Structure formats: C-alpha cells, structure tokens
Amino acid sequence: GAVVSQHPSWVICKSGTSVKIECRSLDFQATTMFWYRQFPKQSLMLMATSNEGSKATYEQGVEKDKFLINHASLTLSTLTVTSAHPEDSSFYICSAKGSVFNQPQHFGDGTRLSIL
Amino acid sequence: EDQVTQSPEALRLQEGESSSLNCSYTVSGLRGLFWYRQDPGKGPEFLFTLYSAGEEKEKERLKATLTKKESFLHITAPKPEDSATYLCAVQATTTDSWGKLQFGAGTQVVVTP
C-alpha cells in the first residue's frame with residue numbers, strides 16, 4: 001500500500017519552455033502533497049506544501065510564479081516549472097500523506113529535469 | 001530553531017558487519033521521527049516512524065530506536081542490498097498542521113561482499 005507515482009521520470013527540454021510534473025497517490029487519498037528539490041549528494045529541500053482544493057504554501061525563497069502547484073483532487077498534484085532555465089535543472093520529488101497528522105509521507109520516484 | 005544532524009556522513013561496511021547510524025535532533029516538541037531509505041535516482045522509501053522515547057521498531061535487518069535527543073538505526077549483519085542513503089526526518093509539534101518534515105543530510109551506507 002501507499003504507492004505514489006510520479007511522471008515523467010526524466011525530461012529534457014529547451015530553455016524558456018514550461019514543464020509539468022504529475023504526482024499521483026494510487027491507493028490512498030492524499031490530503032496533503034509536498035514538493036521537494038534535491039541537488040546531487042544533498043538532502044531534500046522542501047519547496048511547497050499543497051492541500052487538496054487550497055492554494056499551495058511555498059517555502060521562503062521559492063518563487064510561486066515560477067513553480068506553479070495545483071492540487072485539484074485527493075489523488076493528483078502537479079508542479080509546473082514555467083519558463084524553465086538551466087538553473088532549474090534538478091531532481092524534483094513529490095510526496096503524499098493522508099489526513100492523520102503524524103502519518104508518514106510516501107514519496108514518488110522523482111523527476112530528473114534537465115534544461116538545455 | 002529545529003535541527004536534525006545525521007552521522008556519520010558515509011559508512012562502508014563488510015557484509016555481515018553490524019553497525020549503527022545516528023540521528024540527533026533539536027526540536028521544541030517531537031511529534032514523530034521518521035526513517036527513510038533512498039537509492040540513487042529514486043525517491044525515499046519509508047522505513048519507520050517513532051513517536052516517543054523508548055520506542056523501537058524492527059524490519060528485517062534494521063532496527064530503529066528513539067531517545068529524547070536522538071535516534072539510532074541499527075543494521076544487523078548487512079547485505080549488499082542494504083547499500084543506500086538513510087535519511088532521518090522529524091516532525092515537530094510547532095510545525096504547521098500539514099505534517100511538514102525536516103530532513104537530516106543522510107548517511108550513505110555501502111556494504112561490500
């Protein structure tokens with residue numbers, strides 16, 4: 001149980017384009033989803049928290065207009081990197097959890113984004 | 001400010017050589033401590049949640065323990081497939097209501113045959 005699917009797993013695109021990443025909870029209702037960024041050999045850096053039907057809460061220093069998050073249903077959240085540039089290249093990982101406060105987060109397998 | 005520190009940064013073990021990883025934390029109130037395993041190029045895989053001092057959880061060759069200041073992840077008779085980065089994360093009582101986690105930097109474990 002508690003499977004989270006993230007798609008695509010790898011994307012390469014040109015500078016200036018927008019990229020959408022999907023995160024789905026396959027076998028549970030995800031009241032809350034989280035989006036992280038991870039640089040090589042570093043730990044996870046939380047970008048934003050999204051709750052179904054509400055606006056996402058962004059961490060300090062994360063541009064909300066650059067990283068658009070939508071959590072339209074209890075099983076799907078999307079992250080859109082708008083007008084992507086090479087410095088946005090990174091490993092993006094989503095996680096999802098149910099409504100009980102101290103339940104664990106369950107993670108997707110991440111998306112490797114490379115901007116040329 | 002809440003802090004999570006993991007040690008060592010890296011650990012190289014021979015197959016069968018047991019060892020322990022440390023996660024020390026400073027939070028105003030602990031709601032839960034979580035252990036994850038992360039393989040290269042993958043998302044973290046949930047291992048354990050510990051909620052109160054004295055609690056222990058086991059899964060195969062892994063055992064997690066918790067005190068008021070730190071948690072240990074014991075690896076007993078490791079096998080090469082236990083090679084991974086092990087991440088510790090805490091959820092504080094002062095965090096928002098959505099269950100945000102603060103992660104440590106991780107311990108990279110390599111088990112050689």
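Just so it is clear, the model here is predicted, and its values are computed rather than measured.
- Among the candidates B/Gly43, B/Gly32, B/Pro40, the residue making the largest number of heavy-atom pairs closer than 4.5 Å to chain A is B/Gly43.
- Rounded to the nearest 0.5 angstrom, A/Gln38 CD and B/Leu87 CG are separated by 7.0 Å.
- For the atom pair CD (B/Gln38) and CG (A/Asp109), the distance works out to 9.5 Å, reported to the nearest 0.5 Å.
- Other residues, nucleotides and ligands contribute over 12 non-hydrogen atoms within 6.0 Å of the NZ atom of B/Lys57.
- For the pair B/Gly104 and A/Ser43, the tightest heavy-atom approach, listed with the atom from each and the gap, is O-OG, 2.6 Å.
- The residue among A/Leu46, A/Asn51, A/Thr32, A/Leu44 with the most heavy atom pairs within less than 4.5 Å of chain B is A/Asn51.
- Under a hydrophobic clustering in which Ile, Leu, Val, Met, Phe, Trp and Tyr are joined whenever their side-chain heavy atoms come within less than 4.5 Å, directly or via other members, A/Met33 and A/Ile69 fall into different clusters.
- Minimum heavy-atom separation, A/Pro104 to B/Phe34: CA-CE2, 3.5 Å.
- With rounding to the nearest 0.5 angstrom, the CD atom of A/Gln42 is 12.5 Å from the OG1 atom of B/Thr85.
- The local environment of CD in B/Glu15 is crowded, with over 12 non-hydrogen atoms from other residues, nucleotides or ligands closer than 6.0 Å.
- A/Glu59 contributes atom CD, which lies 4.0 Å from atom NZ of B/Lys100 (distance to the nearest 0.5 angstrom).
- For chain A, no part of B/Phe48 is nearby; none of its heavy atoms comes within less than 4.5 Å.
- Shown here for B/Pro44 and A/Phe107, the closest heavy-atom pair between the two residues is O-CB, 3.3 Å.
- Two different hydrophobic clusters hold B/Tyr36 and B/Val4 under the rule that ILVMFWY side chains link at heavy-atom gaps under 4.5 Å.
- Hydrophobic clustering keeps A/Leu68 apart from A/Trp35 (ILVMFWY residues linked when any side-chain heavy atoms are closer than 4.5 Å, directly or through intermediates).
- The number of heavy-atom neighbours closer than 6.0 Å to CD of A/Gln29, taken from other residues, nucleotides and ligands shown, is 12 or below.
- A continuous path of hydrophobic side-chain contacts links B/Leu66 to B/Leu73 [ILVMFWY only; heavy atoms under 4.5 Å].
- With values rounded to the nearest 0.5 angstrom, A/Gln105 atom CD is found 11.0 Å from B/Phe46 atom CZ.
- Other residues, nucleotides and ligands contribute over 12 non-hydrogen atoms within 6.0 Å of the CZ atom of B/Arg61.
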